[in-house]
Every structure is written in structure tokens, then in C-alpha cells.
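What follows is a set of notes on a single structure, which appears directly below.
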2 protein chains.
Amino acid sequence: MNDRPKGRRKTPVWQAIAAHLRGDIAEGRYKAGDRLPTESRLAERFGVNRHTVRHALAHLIQEGLVRTRRGSGAFVAATPTDYPIGGRMRFHENLLAAGRLPEKRILQIENRAATPGEARALAVPEGGYICAYHGLSLADGQPIALFESLFPVSRLPGIDVALQQTRGVTQALDLVGITDFVRVSTRLTAVLADATQALHLHLQEGDPLLRTTGVNAVPDGAPVEFGRTWFAGDRVTLTLDG
Amino acid sequence: MNDRPKGRRKTPVWQAIAAHLRGDIAEGRYKAGDRLPTESRLAERFGVNRHTVRHALAHLIQEGLVRTRRGSGAFVAATPTDYPIGGRMRFHENLLAAGRLPEKRILQIENRAATPGEARALAVPEGGYICAYHGLSLADGQPIALFESLFPVSRLPGIDVALQQTRGVTQALDLVGITDFVRVSTRLTAVLADATQALHLHLQEGDPLLRTTGVNAVPDGAPVEFGRTWFAGDRVTLTLDG
DNA sequence: TGATATAATATGTCTAGTTGTATAGTTATA
DNA sequence: TATAACTATACAACTAGACATATTATATCA
């Protein structure tokens, strides 16, 4: 790991800069989520070319200490923490029990036509309308998962409004009269993050995601939710309860 | 070689967004005439700046898939056709039923000797002459598919002239006395567009194509057409009835 | 009720700033 | 003198914000 060259006289400038920034972060000058000065300013401050600063930043990125966003800046990365989630998948309760602060960010709620596949999964007529709920789950401010939940509006009138008002799927379903439901199917696969997923989850495009596809239904059998979730693979461990 | 430690490609974000929306439209999430979410909402949904969404939309507009009205919104201009597979594929009727303007552009019609494989598929003697009909199918001016249809001239005298005069295979066959036919085999694969295919279909080389290979025959069993079609994967959805 | 002014939205355009990438040139050093 | 480290420049991709302009919904008044 110590890739210091044999000649111990001089350390490259970029390594010195990286060490300096590392120290700034370590002693709290820049805290998690803070934006670092722009590359140009850092170049001025250290009296070097912008490329040299970039070389240093690239190292910090590889270490996972810093994350950059094109056009926006460089940010101190939050410390990745593995997080266990139960088989019942009650996001809020699990996180609260683990002493972390759950948060849900709504990206989109819209009523639209169902695709043939979605119609089949939700047992609605082809072309029938569904409510699509797209969002981002976070823990302590760090993105954990992207999700898309589909609901049959015909059987769940007012679900779109309920989703706006509540904190989670369970509560929203309760608001429209679904007090209990069971998971009737779950599928797991690994996929690669595309560009937009990577943006939301603060990952690189091509990083692995854990995708779950599942259907929840009321006890007598009618599906009430068709959900897909993409977990950031290296931040989440899914544990199935036995 | 080791410039990328992990397999991570780089696609511009706007291209990923354009592809996503294209897929949404192709799958029927947004149908012809539907209004897309506003640029601001899409920006939230994909986690990018509004300008990046606009860049993606501009591309879809250039493709003719989306049209915008200032102050009003962005609308789906043309829905990729749901194309029923199996039974009888009647290009013109399908498109007309979907409220679109079908068009067929003849690239080449020639009589030539059949290759061994073609001879077998059409049940003609090896080296027998066939009529090769090569063309491009469009809907509302947008290229949908490349096709190559082969006919046994021995059993269908005048088919070459009939193809020149009519609008489609069905009508041409009718002109030479084939009033009804059924599809006896269909095969589906995914291939990548080569340079010339991409040129005709207004795609990029390497974009995915859906290739169907099929044989039509008169009800008693003699083949009358051996056809191959390359659909632009983004613009067509093949639907299996059943 | 109906016409109209007003406010809220939506797209179109512009300017400016930041990171990402590519190419070429300079300098120190082994 | 060959190579790695660094400089210099230019452009592409994306973010951020402000403002103009067209459309649509809402409120108001006769």
C-alpha cells in the first residue's frame, strides 16, 4: 500500500497536496458533505497547476475520502457503512432500530399508463392507469437505494395523495384502507448502475447494484404494489430472515 | 490497460436520460399525445440540472419522438408501434390501425439465383430463380425497419412487377393470385446495426436491432415468401398475443 | 354567467462557473 | 538522454441562476 518510491528525498508535489487535504479533512476543517474549494482555487493556494491538484484529488477519490460531481465541485464523502435490512423490508423501522436517521426523497409521483408487463404484475387491464412512485432512500443523509413502486389506482383511489403525505409505502397503503399485506414474490439480481442511477446514489457508472423486484398483495390475493429497488451494492447488506 | 481499475464506462448523462425516456415511450409508459413531466420534474427525477434534461429532450425532438410547446410542455409525437407477432404481420394495416402513416421505400428489386439456404426455405430447386425485394419501412416519415423479402418467381410469375406497383407484400401477392397466406415460422434475435443499416434507420452503428426471420406460405403449405426484417429496437415493440 | 385581468407554470435563451478530458510542451532527475 | 512530474492550453460536459416569453389555471368584476 505504501507506494513511496525508493528515492526518499522528495515526495511528489501531488502527494504532498493529497496529504495536506487529507489532514484538513481529518482535523475537521472540511466535514462530511462539505464542498472543497474549486480546483482552480486549490491550484492557486498551493501554487501549482490545476492538473497537479487533480492528480491529488484523484487519489483521495480512489481512497473514498472525496467524491466529485462534474460542474458542481468536490465534496467530502460520507463514510460508507454497511447496513442490515430485514426480509420484511420496513425501511423506516429497520433504520430507526439501527440508530440511523432514515429519510425518503420523492423524485416523482405520477399517474400513467401501465406497460403490458406492469399490468400483468398488478392484475389490472392492459393500458389501465397506475400510480408510479419513484424515490430515493437515505440513511444519515447518505443515499442507500433507489426505488420505484407501482400501485393500481383503480383499486386504490387516493394513493397518489397518500404517498405525498406519508413517510412510506406502508403508511400510505394504510391511509387508503390497506391495513395488511403480504409479499407474494421477490426476485433478486445484480445489475450495473447506469449514469443517472450513479448520480443519485453517489456512485460511479458501472458500479454494482442489488436489484429486488417484488409484489405485495392483500391476504386474499389482489396485488397492491409492484416494487423495484436498487440498492447501492457496497453500502447495503440484505439479510433474509429465516 | 490498467487505466480503469474497474469496468466503468462513460456515457454522457444526457444520453442516458434520452435513452431512458426513449425506452419509457417505447414500452408504452407515455403514449402518443401524452405530456411528459416538466423539465424541472425530470431534472429532479434523474438528479441532474434542467439544462441536461433539455439536452436530452433536444435529441428526442430531433429524432421526431417528442415535440415541445413553449409554456405548455413536451409531448410524445409518435409512439413506437406495438407490433403483433405471429399470425399475420400486415405492416400497413397495423400502422393504419394505430393511426400512423405507413410508407414503404423500395431500395432494390431484382431477380437472381437462390442460395442453397434460400432455396430450401422457399422449396424451390437449388439455383432456381427468386425475386429479392429489399426496402425500408417508415411510419410518419420515421424509419422503422429494414426488410428483405424473397419470392419464388417460378410459382409467382409477375411478382416483381406487382411489387413495384403495390404498397406492400400482401397486396402484391394478391395481384399474382395469392389471396391468403399464413406464417409458418418465425425466429427472433437481437443483433447490432452495421454501418449501412444504421444509415438507413437513422441510428448509430452498434445500436440494437431486432431481427425477425419468417416464412409465409399458402394454407396448403407451399412457401410464398421468405422474409427477414430488422427493426429499430428503440422504435418498435413486438408484442406476442396469447 | 361571461369576459378579463392576474398569477402560476412551462419552455426558450443567455451568461457564468466548475469538473472532465485531450494534446502538447517544459523541466528535473536518474 | 530517456522518463516521470509538472505546466499550459483548449474544449466538452454539467451545474447554477436569471430572465424572457408563451400557455394555462385562477380569481375578479360587471
Side-chain angles (χ1 to χ4, degrees), chain A residues 3-21 30 33-62 65-77 108-110 194-200 202-206, chain B residues 2-5 8-21 30 33-62 65-77:
Chain A
D3 53 355
R4 190 208 300 224
K6 279 70 180 179
R8 61 215 181 266
R9 306 261 172 94
K10 284 193 174 182
T11 59
V13 180
W14 67 265
Q15 281 188 19
I17 294 174
H20 195 121
L21 291 173
Y30 304 118
D34 280 3
R35 209 180 83 170
L36 297 179
T38 70
E39 294 173 352
S40 300
R41 286 197 182 283
L42 287 175
E44 280 181 28
R45 171 177 158 196
F46 292 112
V48 298
N49 189 272
R50 190 182 140 223
H51 278 17
T52 310
V53 169
R54 283 183 59 72
H55 198 144
L57 283 177
H59 230 245
L60 297 179
I61 290 168
Q62 182 130 13
L65 206 65
V66 166
R67 152 185 85 78
T68 57
R69 212 184 158 191
R70 171 188 289 206
S72 185
F75 302 81
V76 179
Q108 190 184 38
I109 295 181
E110 64 167 348
D194 66 28
T196 58
Q197 291 171 331
L199 274 173
H200 276 129
H202 296 177
L203 297 172
Q204 296 293 324
E205 184 180 2
Chain B
N2 51 0
D3 55 347
R4 50 171 144 177
R8 50 186 54 157
R9 47 218 145 123
K10 281 178 230 167
T11 313
V13 179
W14 68 266
Q15 280 185 21
I17 293 174
H20 196 120
L21 291 174
Y30 304 116
D34 279 2
R35 209 180 78 172
L36 296 180
T38 70
E39 293 173 352
S40 300
R41 287 196 180 283
L42 287 175
E44 283 180 24
R45 162 129 155 56
F46 291 111
V48 300
N49 189 272
R50 188 180 141 226
H51 282 74
T52 309
V53 169
R54 283 181 60 73
H55 197 149
L57 282 177
H59 230 245
L60 296 180
I61 290 168
Q62 183 147 11
L65 207 64
V66 166
R67 126 190 104 76
T68 55
R69 273 173 46 205
R70 164 186 256 184
S72 181
F75 300 83
V76 178

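Because only heavy atoms are used, hydrogens play no part in the values below, and waters and symmetry mates are left out as well, while side chains stay in. Chain naming here is simple, since letters A, B, ... match the order of the sequence lines and numbering starts at 1 in each.
Summarising the geometry, the separation between CD on A:Q15 and P on D:dA4 is reported as 15 Å, rounded to the nearest angstrom. Residue B:L57 contributes atom CG, which lies 16 Å from atom C1' of C:dT13 at whole-angstrom precision. Remark: P of D:dA22 and CZ of B:F75 are 17 Å apart, rounded to the nearest angstrom. Rounding to whole angstrom units, CG of residue A:L199 and P of D:dA13 are separated by 15 Å. Here C:dG12 presents its P atom at 12 Å from CZ of B:R67, a figure rounded to the nearest Å. Between the P atom of C:dT19 and the CG atom of A:L42 lies a distance of 8 Å, rounded to the nearest Å. If you measure from atom CZ of A:R50 to atom C1' of D:dA10, you get 11 Å, rounded to the nearest angstrom. Rounded to whole angstrom, the span from the CG atom of A:N49 across to the P atom of C:dT19 amounts to 14 Å.
Look at B:W14 and you'll find a side-chain N or O under 4.0 angstrom from OP1 or OP2 of D:dC14.
Relative orientation of the A:H20 and A:F46 rings is perpendicular, given thresholds of 30° and 60° on the angle between their planes.
Candidate nucleotides D:dC14, D:dC6, C:dG12 were compared by shortest atom distance to the side chain of B:T68, and C:dG12 ranks first. Distance from the side chain of B:T52 is smallest to D:dT15 among D:dT15, C:dT11, C:dG20. Picking from C:dT18, D:dA16, D:dC14 the nucleotide with the shortest atom distance to the side chain of A:R70 gives D:dC14.
Checking side-chain atoms of B:Q15 against main-chain N and O of B:P12 turns up no donor-acceptor pair under 3.5 Å.
If you check every strand for non-hydrogen atoms under 4.0 Å, A:R69 touches sugar and phosphate atoms only. Using a 4.0 Å heavy-atom distance criterion, B:H51 is classed as a base contact.
In this structure, A:L199 and B:G47 approach most closely via the heavy-atom pair CD1-O, 4.1 Å.
Here the CG-CZ distance, from A:L21 to A:R45, works out to 6.5 Å after rounding to the nearest 0.5 Å. The CZ atom of A:R50 lies 5.5 Å from the CZ atom of A:R54; values are rounded to the nearest 0.5 Å.
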